[in-house]
Participant: 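Got a structure for you, questions after.
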Amino acid sequence: MKRKSINAVIQLSDEQKKQITDEIKAFYLDVRGDEIGIIEQQQILDLFVEQLAPIVYNKALDDAQRWYRNQQNNMEADYYLLYKETR
């Protein structure tokens, strides 16, 4: 089945690509006992960048939004703590 290409959410530097493809190569050698070539390493990296990166990116956004809302709630509670009692 042919997959359609999706534009990646993130762009990796050449150094980052090299580091990750080295990890992919080491993984295949350690876990599967197979050596894979540069093209296969790049294809696996491309697959993960296209399919996994958007999921991780969106999760990070959701986590940041949750943190920000918690900070807002804390600020609101702290605000009301500043009120002085009146008689």
Participant: Working to the nearest 0.5 angstrom, can you tell me the gap between Thr21 OG1 and Asp14 CG?
Facilitator: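 Rounded to the nearest 0.5 Å, the OG1-CG separation comes out at 10.5 Å.
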
Participant: With a 4.0 Å cut-off, would you call Asp63 and Arg66 a salt bridge?
Facilitator: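 Salt bridge present between Asp63 and Arg66.
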
Participant: To the nearest 0.5 Å, how far apart are CE in Met75 and OH in Tyr79?
Facilitator: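 Answer for the CE-OH pair, Met75 versus Tyr79, is 12.5 Å.
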
Participant: Would you say Glu76's side chain and Asn73's backbone share a donor-acceptor pair under 3.5 angstrom?
Facilitator: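 No: the side chain of Glu76 does not pair with the backbone of Asn73.
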
Participant: When rounded to the nearest 0.5 angstrom, what distance separates CD in Glu40 from NZ in Lys25?
Facilitator: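 Taking CD in Glu40 and NZ in Lys25, the distance rounds to 11.0 Å.
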
Participant: Using a cut-off of 6.0 Å, state whether more than 12 heavy atoms not belonging to Glu15 lie near its atom CD.
Facilitator: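 No, because the 6.0 Å sphere around CD of Glu15 holds 12 heavy atoms or fewer from other groups.
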
Participant: Just wondering, more than 12 heavy atoms not from Gln19 lying within 6.0 Å of its CD?
Facilitator: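 Counting other residues, nucleotides and ligands, CD of Gln19 stays at 12 neighbours or fewer.
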
Participant: Keeping the roles fixed (side chain from Gln41, backbone from Ile36), state whether a donor-acceptor pair exists under 3.5 Å.
Facilitator: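 Confirmed, Gln41 side chain pairs with Ile36 backbone.
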
Participant: State the NZ-CG distance between Lys18 and Leu45, to the nearest 0.5 angstrom.
Facilitator: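 With rounding to 0.5 Å, NZ (Lys18) is 12.5 Å from CG (Leu45).
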
Participant: Is it true that, when you exclude Ile39 itself, more than 12 heavy atoms of the residues, nucleotides or ligands shown sit nearer than 6.0 Å to its CD1?
Facilitator: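 Result for CD1/Ile39: open.
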
Participant: Honestly curious: do Leu29 and Ile44 fall in one hydrophobic cluster under the side-chain, below-4.5 Å linking rule?
Facilitator: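 Different clusters: Leu29 never reaches Ile44 through Ile, Leu, Val, Met, Phe, Trp or Tyr contacts under 4.5 Å.
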
Participant: Verify the neighbour count for atom CG of Leu61: are there more than 12 heavy atoms of other residues, nucleotides or ligands below 6.0 Å?
Facilitator: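 More than 12 heavy atoms, drawn from other residues, nucleotides or ligands, come within 6.0 Å of this atom.
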
Participant: What pair of heavy atoms forms the shortest contact from Gln51 to Ile55, and how long is it?
Facilitator: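 The answer is O-CD1, 3.4 Å.
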
Participant: For residues Val31 and Ile24: do they belong to one hydrophobic cluster (side chain heavy atoms under 4.5 Å, members Ile, Leu, Val, Met, Phe, Trp, Tyr)?
Facilitator: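 Yes; Ile24 is reachable from Val31 via cluster members.
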
